[in-house]
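Read the structure below first, then the notes.
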Amino acid sequence: MLYAILCYADEETVFAWSKEEEAAVMGRLYAVQEPLAQAGKLGPTGRLMPTTAATTVRKGREEPIVLDGPFAETKEALLGFYTVDVETLDEAVAFARQLSTVNPGSTAYEIRPFYVFHPGGATG
């Protein structure tokens, strides 16, 4: 069974770290991740960019509407995610609108650029 482990943190704190602090934290995280990676049990890991880079497609009365930022209500829970490799935000928004239209259980799709980290490798 696969699990997504979502890390919640205070953005102001995390994004205020110096390069040295960031490197130290990432080093500790890689040390914890390494045994799972060596066992072939660690999939891709990533950090979401700040919420200021987010876009939300929310169901409207007629059609989904697009909002800047992660404006999901706190009573809503993150239940899963899609990873898409598209050229523009508009393409990602179009995909999220399609998802929103066909999924009666959804209330919002948050779209946020993210970086992928590969232990011992490059970011991209």
Side-chain angles (χ1 to χ4, degrees):
M1 177 170 284
L2 298 175
Y3 291 92
I5 300 173
L6 306 174
C7 177
Y8 292 89
D10 180 274
E11 285 185 320
E12 288 183 26
T13 300
V14 172
F15 290 105
W17 288 341
S18 68
K19 288 182 181 184
E20 293 78 17
E21 290 170 314
E22 172 80 14
V25 169
M26 295 310 294
R28 291 191 297 270
L29 289 171
Y30 289 153
V32 171
Q33 295 171 16
E34 190 59 24
L36 285 179
Q38 291 297 319
K41 295 181 180 182
L42 181 65
T45 62
R47 176 186 288 172
L48 295 174
M49 293 178 73
T51 55
T52 55
T55 301
T56 299
V57 175
R58 180 169 295 284
K59 286 190 177 200
R61 293 184 190 265
E62 299 293 322
E63 63 181 64
I65 57 175
V66 179
L67 306 166
D68 291 332
F71 296 112
E73 298 293 329
T74 56
K75 64 183 178 181
E76 297 171 328
L78 177 62
L79 298 179
F81 64 91
Y82 295 85
T83 301
V84 297
D85 185 3
V86 294
E87 294 295 320
T88 66
L89 175 59
D90 289 340
E91 288 177 82
V93 168
F95 178 68
R97 282 181 186 236
Q98 291 172 342
L99 292 171
S100 183
T101 300
V102 300
N103 185 351
S106 71
T107 56
Y109 285 89
E110 181 177 338
I111 303 162
R112 193 183 306 182
F114 71 99
Y115 296 110
V116 175
F117 295 92
H118 299 281
T123 62

ask   = Which atoms form the tightest heavy-atom contact between A16 and E21, and what is the distance?
value = O-OE1, 4.4 Å
message = Show the nearest heavy-atom pair for residues A53 and P113, with the distance to one decimal.
response = O-CD, 3.4 Å
Non-neighbouring partners of E62 that pass salt bridge (charged side-chain N to carboxylate O under 4.0 Å, His left out), sequence neighbours left out = none
query = If you take all heavy atoms of R112 and P50, which pair is closest and at what distance?
reply = CD-O, 3.9 Å
task = Return the minimal non-hydrogen interatomic distance between T55 and L89, and the atom names on each side.
result = OG1-CD2, 3.7 Å
note = Sorted by chain and number, sequence neighbours left out, ring-ring contact (aromatic ring centres under 6.0 Å, His included) with F95 holds for Y82
Pairing residues for A37 by the side-chain contact (heavy atoms from CB on, under 4.5 Å) criterion, not counting sequence neighbours = E34, L42
query = In chain order, what residues pass the side chain to side chain donor-acceptor pair (under 3.5 Å) check against T83, with sequence neighbours excluded?
reply = none
inquiry  = Restricting to side-chain contact (heavy atoms from CB on, under 4.5 Å), what partner residues turn up for V86, sequence neighbours left out?
reply    = V84, E91, A92
Within one Ile-Leu-Val-Met-Phe-Trp-Tyr cluster: M49 and F15, side-chain cutoff 4.5 Å = no
key: Approximate separation, where rounding is to 0.5 Å, of R58 CZ and R97 CZ   = 13.5 Å
